[in-house]
Amino acid sequence: QVQLVESGGGLVQAGDSLRLSCAASGRTFSDYAMGWFRRTPGKEYVFVAGISTSGGATYYGNSMKGRFTITRDNAKNMMYLQVNSLKPEDTAVYFCAARLYDGAMARTVDYTSWGQGTQVTVSS
């Protein structure tokens, strides 16, 4: 399995921007399609964005288009999530996840590796 470590979270003000990073190790990163999910206490994981193995295709969850941008750098074994115009409702723990090869992106069950998460808190 690939190991994943997120970073970049923190406490920000509404309207700020943030870039989350996900560092991968252990396996061939370019074999894995990647996704970002977020979760708040007591709630289910919410699909934020996904990116294909090559980076040529991106996918976004409902209401995520426009403010969220997912990218990856296979040479550096890194994935990123740029979030602009942050809102208090974006407050959550953000997780990166990996699934071997391209396929469905929005379901948690399709991912085999998960990071530990990074907290994003947006104050109003």
Side-chain angles (χ1 to χ4, degrees):
Q1 301 288 358
V2 64
Q3 286 80 50
L4 305 172
V5 178
E6 302 95 335
S7 61
L11 174 62
V12 297
Q13 302 249 343
D16 286 350
S17 296
L18 207 59
R19 188 176 83 154
L20 305 182
S21 299
C22 176
S25 62
R27 293 284 182 155
T28 304
F29 182 59
S30 57
D31 284 343
Y32 290 83
M34 302 293 295
W36 284 99
F37 290 79
R38 68 185 186 186
R39 190 175 66 176
T40 53
K43 299 287 185 64
E44 299 289 326
Y45 285 95
V46 174
F47 174 69
V48 176
I51 190 165
S52 63
T53 54
S54 69
T58 57
Y59 311 87
Y60 294 92
N62 294 335
S63 77
M64 305 297 177
K65 289 184 181 180
R67 295 190 301 118
F68 294 79
T69 304
I70 187 171
T71 57
R72 67 187 294 164
D73 185 338
N74 284 348
K76 296 182 178 179
N77 291 353
M78 296 291 296
M79 178 181 66
Y80 307 98
L81 183 70
Q82 177 72 35
V83 190
N84 298 326
S85 302
L86 279 155
K87 304 176 181 179
E89 51 263 43
D90 294 321
T91 295
V93 179
Y94 285 72
F95 297 86
C96 68
R99 58 157 294 153
L100 193 58
Y101 306 131
D102 291 322
M105 301 299 297
R107 304 187 309 168
T108 56
V109 295
D110 292 317
Y111 292 83
T112 55
S113 297
W114 292 79
Q116 82 288 349
T118 185
Q119 176 73 48
V120 173
T121 303
V122 184
S123 64
S124 57

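All of these numbers come straight from a predicted model, not from anything done at the bench.
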Rounded to the nearest 0.5 Å, what separation is found between the [atom1] atom of [X] and the [atom2] atom of [Y]?
X    : Y   : atom1 : atom2 : result
T121 : L11 : OG1   : CG    : 6.0 Å
S54  : N74 : OG    : CG    : 8.0 Å
Y94  : L81 : OH    : CG    : 7.5 Å
R72  : C22 : CZ    : SG    : 9.5 Å
D73  : Y80 : CG    : OH    : 5.5 Å
Y32  : R99 : OH    : CZ    : 11.5 Å

- Message: Checking one residue: V109. Which other hydrophobic residues are in its cluster under the side-chain 4.5 Å linking rule?
- Response: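 Reading the cluster by chain and number, V109 sits alone, since nothing else belongs.
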
- Message: If hydrophobic residues (ILVMFWY) are linked whenever their side-chain heavy atoms come closer than 4.5 Å, directly or via other members, who joins V93 in its cluster?
- Response: F37, Y45, F47, Y59, F95, M105, Y111, W114

Minimum-distance pair of heavy atoms, taken over all atoms of [X] and [Y]:
X   : Y    : result
F29 : A24  : CD1-CB, 3.4 Å
A33 : T53  : N-CG2, 3.5 Å
S17 : N84  : OG-OD1, 3.0 Å
E6  : G117 : OE1-N, 2.9 Å
P88 : S124 : CG-CB, 3.8 Å

- Message: Run the side chain to side chain contact (heavy atoms under 4.5 Å, CB included) test on V46 and M64 for me, step by step, so that the C-alpha distance in whole Å, both residues' side-chain angles and the decisive distance to 0.1 Å come before the verdict.
- Response: CA-CA 10 Å; V46 174; M64 305 297 177; 3.9 Å; yes

Going by heavy atoms in the side chains, are [X] and [Y] under 4.5 Å from each other?
X   : Y    : answer
Q3  : V5   : no
Y60 : I70  : yes
K87 : V122 : no

- Item | In one Ile/Leu/Val/Met/Phe/Trp/Tyr side-chain cluster, 4.5 Å: V2, M78 | no

Not counting sequence neighbours, which residues clear side chain to side chain donor-acceptor pair (under 3.5 Å) with [X]? List them please.
X    : result
R107 : D110
D90  : R38, R67
S30  : none
T40  : none

- Query: T112 and Q1: side-chain donor and acceptor closer than 3.5 Å?
  - Reply: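 Their side chains do contain a donor-acceptor pair, which is all the 3.5 Å distance test asks for.
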
- Query: Where the side chain of Q13 meets the backbone of S123, is there a donor-acceptor pair that is under 3.5 Å apart?
  - Reply: no

- Neighbour count above 12 (heavy atom, 6.0 Å) for Q116 CD: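 Correct, the count exceeds 12.
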
